[in-house]
J.: 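Shown below is the structure under consideration.
Numbering starts at 1 and runs along the sequence shown.
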Amino acid sequence: MIAAAMRVMWLSLLRDRAALVMAFVLPTVIFAIFAAIFSGAIGDRIRIHLGLADLARTATTQRLVTALQAEPSLRVERLDVPDAEAAFRAVRRGEVDVALVLRGDLAAGGKGADQPVLLIESPSRALATPIALGQLQRALNDALPDVVLARIVADVERSGKIGPDERAFLDEAFAEQRAKKEPFSFARLVETRTTASGQGNDRVSYYAGAITAVFLLFAAMQGALSLVDEREGGLADRLAAGPGGLPVIVIGKFLFLLGQGVVQAGLIFSAAALLHGVDITGHWVGWLVTSGLVSAMAAGLALAACALSATRQQAHLAATFGVLLLSAVGGSMVPRFLMPPWLQQAGWLTPNAWAIEAYQAALSEGAAAALPAWGVLAFLTVAGLGLAVGIVGRRRG
């Protein structure tokens with residue numbers, strides 16, 4: 001009976017070409033789209049469109065323009081505008097995300113040196129403002145440290161702590177340092193290290209796990225809807241008269257959905273490897289165990305939800321709104337670290353968060369690190385499948 005239930009589900013899927021495409025082609029396509037969007041929308045791959053207008057045209061502003069144009073995380077467009085108002089209109093029309101207007105000499109004591117840089121932002125692209133400010137500060141520290149220090153020294157001079165002679169000496173020292181092209185000490189203040197393994201695209205591997213979790217839940221819910229269809233069509237009564245009754249049918253459906261989920265996970269990670277260089281060869285055992293547990297979890301919860309549903313409409317709502325809600329809170333759509341703290345903690349109540357955690361741990365640190373997440377997924381599998389078997393058995397009784 002278990003094999004027969006699996007064969008019936010496979011034949012039903014095979015006859016419905018649209019469902020077959022949605023089960024095995026759509027997950028890969030959606031992953032490719034999400035990976036392309038999110039891998040370029042976080043971290044050092046954000047490239048805002050920066051409008052740059054050099055109205056002052058001094059030696060210091062030209063050095064800053066050169067530094068900003070060399071920054072790979074910015075798409076710099078020189079604005080040929082007569083004044084700041086024209087740059088303002090360019091931002092308002094959406095021609096650039098944010099604009100920097102260099103309206104005075106950056107050097108201390110230069111013309112318009114009090115606030116020589118004007119930043120024009122748009123509320124509809126608020127994220128561009130802190131990025132532009134951060135890159136501006138970085139360019140000043142890396143390419144114009146003498147200018148930055150000279151402005152600090154000018155502030156100290158105005159306080160009366162140093163005199164004109166000391167100021168002239170420091171300015172000369174800064175000029176010599178710049179002429180030698182030696183970095184200032186504060187430019188070497190920070191060392192950056194990453195937890196990336198270097199064996200593949202770790203950023204995209206996150207989204208591979210996230211998309212796998214949400215699609216396996218959707219696919220399992222669609223497959224488990226057959227429980228409701230069989231009950232409403234009267235077929236369940238005839239199946240209950242067979243060997244083992246309806247619980248055996250549920251187990252057969254569970255095994256089919258488990259196998260289908262592993263295949264879907266394999267397709268998604270294959271696309272991640274081909275398109276983005278994600279490497280799972282070093283942890284393929286961990287990936288296989290994780291994919292099996294995530295598939296089993298999705299199948300168990302889907303069967304339990306459909307067994308609990310009194311009508312197909314209830315099951316359909318669980319398959320759409322329920323899965324979407326779990327996926328949103330669990331981090332399958334937006335990384336949880338971008339959410340408010342309380343919502344990050346609430347994410348641990350969703351299966352998606354544990355699925356993502358299992359993939360991340362298994363592919364980065366190995367099986368030992370994934371054991372807690374595997375335990376949660378196994379518990380959800382047993383609980384879901386046990387609930388589904390118990391409900392259909394009780395209804396028959």
Side-chain angles (χ1 to χ4, degrees), residues 30-31 34-35 37-39 41-46 126-127 130-131 134 193-197 201-221 261 265 268 272 283 286-287 289-305 308 317-387:
I30 295 298
F31 160 74
F34 270 67
I37 293 172
F38 289 111
S39 66
I42 61 174
D44 57 359
R45 294 188 62 180
I46 297 178
L127 181 62
I131 296 174
R193 294 185 180 180
T194 178
T195 59
S197 62
N201 194 328
D202 292 328
R203 180 182 294 118
V204 174
S205 69
Y206 171 88
Y207 292 105
I211 296 300
T212 296
V214 64
F215 255 102
L216 263 57
L217 281 170
F218 269 122
M221 286 298 299
I268 291 174
H283 301 287
W287 173 87
V289 173
T290 301
S291 297
L293 285 172
V294 173
S295 301
M297 173 274 296
L301 293 182
L303 289 168
L308 285 168
L317 289 174
T320 51
F321 294 106
V323 173
L324 285 174
L325 179 62
L326 292 176
S327 301
V329 177
S332 286
M333 298 180 178
V334 178
R336 288 172 54 243
F337 72 87
L338 296 175
M339 300 178 185
W342 69 269
L343 199 53
Q344 293 184 32
Q345 295 302 317
W348 291 118
L349 301 176
T350 68
N352 299 67
W354 289 105
I356 295 170
E357 179 69 16
Y359 274 119
Q360 288 290 99
L363 296 181
S364 61
E365 301 179 50
L371 286 176
W374 286 355
V376 174
L377 293 174
F379 170 78
L380 291 174
T381 299
V382 174
L385 181 59
L387 183 61

J.: How far does CD1 of Ile211 sit from OH of Tyr206, to the nearest 0.5 angstrom?
T.: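 Here the rounded value is 9.5 Å.
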
J.: Restricting to side-chain hydrogen bond (donor to acceptor under 3.5 Å, both in side chains), what partner residues turn up for Thr381, sequence neighbours left out?
T.: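 Residues passing side-chain hydrogen bond (donor to acceptor under 3.5 Å, both in side chains) with Thr381: none at all.
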
J.: If you take all heavy atoms of Ile356 and Gly330, which pair is closest and at what distance?
T.: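 For Ile356 and Gly330, the tightest heavy-atom pair comes out as CD1-O, 3.7 Å.
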
J.: Just to verify, what does Leu293 make a side chain to side chain contact (heavy atoms under 4.5 Å, CB included) with, not counting sequence neighbours?
T.: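 For Leu293, the residues satisfying side chain to side chain contact (heavy atoms under 4.5 Å, CB included) (neighbours in sequence not counted) are Val289, Trp374, Leu377, Ala378.
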
J.: Do you know the tightest heavy-atom contact between Ala265 and Tyr359?
T.: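 Between these two residues, the closest heavy atoms are CB-OH, 3.8 Å.
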
J.: Output the distance between atom CE (Met297) and atom CG (Leu385), rounded to the nearest 0.5 Å.
T.: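 Answer rounded to 0.5 Å: 13.5 Å.
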
J.: For Ala373, give me all partners under side chain to side chain contact (heavy atoms under 4.5 Å, CB included), at least two apart in sequence or on another chain.
T.: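 Residues passing side chain to side chain contact (heavy atoms under 4.5 Å, CB included) with Ala373: Trp354, Glu357, Ala358.
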
J.: Please name all residues satisfying side chain to side chain contact (heavy atoms under 4.5 Å, CB included) with Ala213, sequence neighbours left out, ordered by chain then number.
T.: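 Scan of Ala213 (side chain to side chain contact (heavy atoms under 4.5 Å, CB included), adjacent residues dropped) gives Ser332, Asn352, Ala355.
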
J.: Measure the shortest side-chain to side-chain distance between Thr212 and Ser291 over non-hydrogen atoms and say whether it is less than 4.5 angstrom.
T.: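 Of all side-chain heavy-atom pairs linking Ser291 with Thr212, none is under 4.5 Å.
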
J.: Over all heavy atoms of both residues, which pair between Ala208 and Ile268 is shortest? Give the atoms and the distance, please.
T.: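 Minimum heavy-atom separation between Ala208 and Ile268: O-CG2, 3.9 Å.
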
J.: What heavy-atom pair brings His283 and Gly366 nearest, and what distance separates the two atoms?
T.: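 Taking every non-hydrogen atom into account, ND1-CA, 3.9 Å.
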
J.: Less than 4.5 Å apart, side chain to side chain, heavy atoms only: is that true for Leu387 and Leu308?
T.: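 A side-chain contact under 4.5 Å exists here.
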
J.: Take Thr290 and Leu363 through the side-chain contact (heavy atoms from CB on, under 4.5 Å) test and state the conclusion after the steps.
T.: CA-CA 10 Å; Thr290 301; Leu363 296 181; over 6 Å; no

J.: Looking at Leu216 and Ala298, what are the two nearest heavy atoms and their distance?
T.: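 Scanning both residues completely, I find the closest heavy atoms to be O-CB, 3.5 Å.
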
J.: Taking all heavy atoms of Gly261 and all of Ser295, pick out the closest pair and write down the distance.
T.: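 Heavy-atom minimum between the residues: C-OG, 3.1 Å.
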
